[in-house]
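First up is the structure itself, then whatever we jot down about it.
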Amino acid sequence: MRTIDQLSDDLGGLAGRTVLVRSDLNVPLDGQEITDDGRVRASVPTIERLAREGARVVVCAHLGRPKGAPEAKYSLAPVATRLDELLDDDITVSFVEETVGDRATAAVEALGDGDVLVLENLRFNPGETAKTDEERADFAQALAGLADGFVSDGFGVVHRAQASVYDVPRLLPHAAGGLVVSEVEVMRTLREDPRRPYAVILGGAKVSDKLGVIESLIAVADRLLIGGGMVFTFLKAQGHEVGTSLLEEDQVETVKGYLETAAERGVEIVLPTDVVVADSFSADAAHEVVPADGMPADRMGLDIGPDSEELFVGRLADAQTIFWNGPMGAFEMAPFASGTKAVAQALVDRTSAGALTVVGGGDSAAAVRDFGHTEDDFGHISTGGGASLEYLEGKDLPGLSVLED
Ligand code: ADP
Ligand code: MG
């Protein structure tokens, strides 16, 4: 991928040049309050570097899933404020309530060397996420028209063929930012050169998104530990009752296939032996631990049970490489956080023992920070869940290939 140094050469130096940076600032918000600023922090080094070299930095990003029109609750304004707090004091940060248009152009023109401007949410414009190149073209042109060069630093979106990710770099001199470079380095190690034993833990709620990666992981990992919402499709594939738990009925046959392939290849699939079930999806729901092969028909599984925690921790104890994506349970509610805590602690312990530990996925990353762990407790906390999974699947990521030389 092209580097910022190469971009600087293309532009005859960055000083006085307007550089559009695609960052991933898609943080969880509670009203105006950012509940986990990990992605804002991760985007600081590239923005700061460009500003230090005298570029006029225009940051663009999306937040949430607005439907192609402005919606106050998805404004990037609070994120711009947080970015201002995190950047060095001598760097001026402004925000414009428009992505492209007269006000955005005026705000870009008002920038001095080393200043930073944050544009409003990209997804307030339908051109950002439109399916065809033609539908995205006008918006991409307008964005590209704001700047002299482009830096792609939003690793969390590089698997998307969207205007700010895929079309703009085809219109402007471009480079991969430091965050994208470091994320890709770690993911490449996981895909091509993991020290063994290599254990992968999968959980979370986006079951159908994540089932696809299992097939490719069976080819590289030594062990696959499954928890979270997707585990019920596995338990069902083994013929067990899963009550009202998350279930992808149409994936049960596929999962049976995975279990067979794994058995043939000698890849160990570790499933929970007990489950915390509740009568509803709420923090004060009555709950109890039941065997994984004895779930009542009217209950939903919201966490792995204590025996499973012990089993999972044991299967991580000698791992030299661990990749973890997706919480083991509905950890946002205290009664169902225990499995996720146990796995997080197991990774922290393996990090101190010298293993490479990688946490991927927005909610998983938020969970480990919520439990009080820091960046240093892990080898790497990825800012991109979907992107890292697609990379590990061996897919071609449009936002990465477009940055190649
Ligand atoms: P990540 O962002 O780390 O990739 P996901 O977005 O796939 O993870 O899933 C995170 C969500 O999964 C959390 O909000 C959590 O409450 C939910 N979850 C985990 N286990 C279960 C479960 N058994 N039933 C319902 N939701 C679950
Ligand atoms: Mg998530």
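For the numbers below, each heavy atom of this structure counts, side chains included, while hydrogens, waters and symmetry mates do not. Just so you know, ligand 1 is whichever comes first in the structure, and atom 1 is the first atom listed for that ligand.
Under the side-chain contact (heavy atoms from CB on, under 4.5 Å) test applied with Val58, the options Leu111, Leu50, Val19 reduce to a single match, Leu111.
Taking a cutoff of 4.0 Å between a charged side-chain nitrogen and a carboxylate oxygen, Asp279 and Arg299 do not qualify as a salt bridge. Under a 4.0 Å N-O distance rule, the pair Arg56/Asp148 does not qualify as a salt bridge. No salt bridge links Lys236 with Glu241; every basic N to acidic carboxylate O contact stays at or beyond 4.0 Å. Using a cutoff of 4.0 Å between basic side-chain nitrogens and carboxylate oxygens, Arg315 and Glu268 are scored as salt-bridged.
From the protein, the heavy atom lying nearest to atom 18 (N) of ligand 1 is Gly329 O, 3.8 Å. Among protein heavy atoms, the minimum distance from atom 6 (O) of ligand 1 is reached at Asp363 OD2, 3.0 Å. Closest to atom 21 (C) of ligand 1, if we only count protein heavy atoms, is Gly229 N, 3.6 Å. Atom 9 (O) of ligand 1 has as its closest protein heavy atom Ala205 N, 2.9 Å.
Residue Gly361 has at least one heavy-atom neighbour below 4.0 Å for each of these atoms of ligand 1: 1 (P), 2 (O), 3 (O), 4 (O). Each of the atoms 13 (C), 14 (O), 15 (C), 16 (O) of ligand 1 lies under 4.0 Å from some heavy atom of Glu332. Of all atoms in ligand 1, listed by their number and element, those nearer than 4.0 Å to a heavy atom of Gly228 are 20 (N), 23 (N).
Evaluated by nearest non-hydrogen atom to atom 3 (O) of ligand 1, the leading choice among Ser364, Gly339, Pro327, Gly326 is Ser364. Of all the listed residues (Ser245, Gly301, Ala330), Ala330 holds the heavy atom that lies closest to atom 27 (C) of ligand 1.
Geometrically, ligand 1 and Phe281 share no nitrogen or oxygen pair separated by less than 3.5 Å. The distance criterion of under 3.5 Å between nitrogen or oxygen atoms is met by Gly362 with respect to ligand 1. Not one N or O of Asp303 is nearer than 3.5 Å to an N or O of ligand 1, by distance alone. Considering backbone and side-chain N/O atoms, Leu302 never comes within less than 3.5 Å of an N/O atom of ligand 1.
With rounding to the nearest 0.5 angstrom, the CD1 atom of Ile269 is 13.0 Å from the CZ atom of Arg223.
In Asn325, the part holding a heavy atom less than 4.0 Å from any atom of ligand 1 is the side chain.
Residue contacts with ligand 1 include Lys210, since one or more of its heavy atoms lies under 4.0 Å from the ligand. Distances shorter than 4.0 angstrom occur between a heavy atom of Phe232 and an atom of ligand 1. At a 4.0 Å cut-off, not a single heavy atom of Gly385 sits close enough to ligand 1 to count as contact.
With hydrogens and angles left out, the side-chain atoms of Ser388 and Glu183 include no donor and acceptor closer than 3.5 Å. Judged by distance alone, the side chains of Asp396 and Ser401 do bring a donor and an acceptor atom under 3.5 Å apart. Using a 3.5 Å distance cut-off with no hydrogens or angles, the side chains of Asp5 and Thr3 do not pair a donor with an acceptor.
At least one test fails for Arg22 against the ring of Phe150: distance under 6.0 Å to the centre or angle within 45° of the axis.
In this structure, His287 has its ring center closer than 6.0 angstrom to the ring center of Phe336.
The name of the N, O or S atom in Asp363 nearest to the Mg ion (ligand 2) is OD2.
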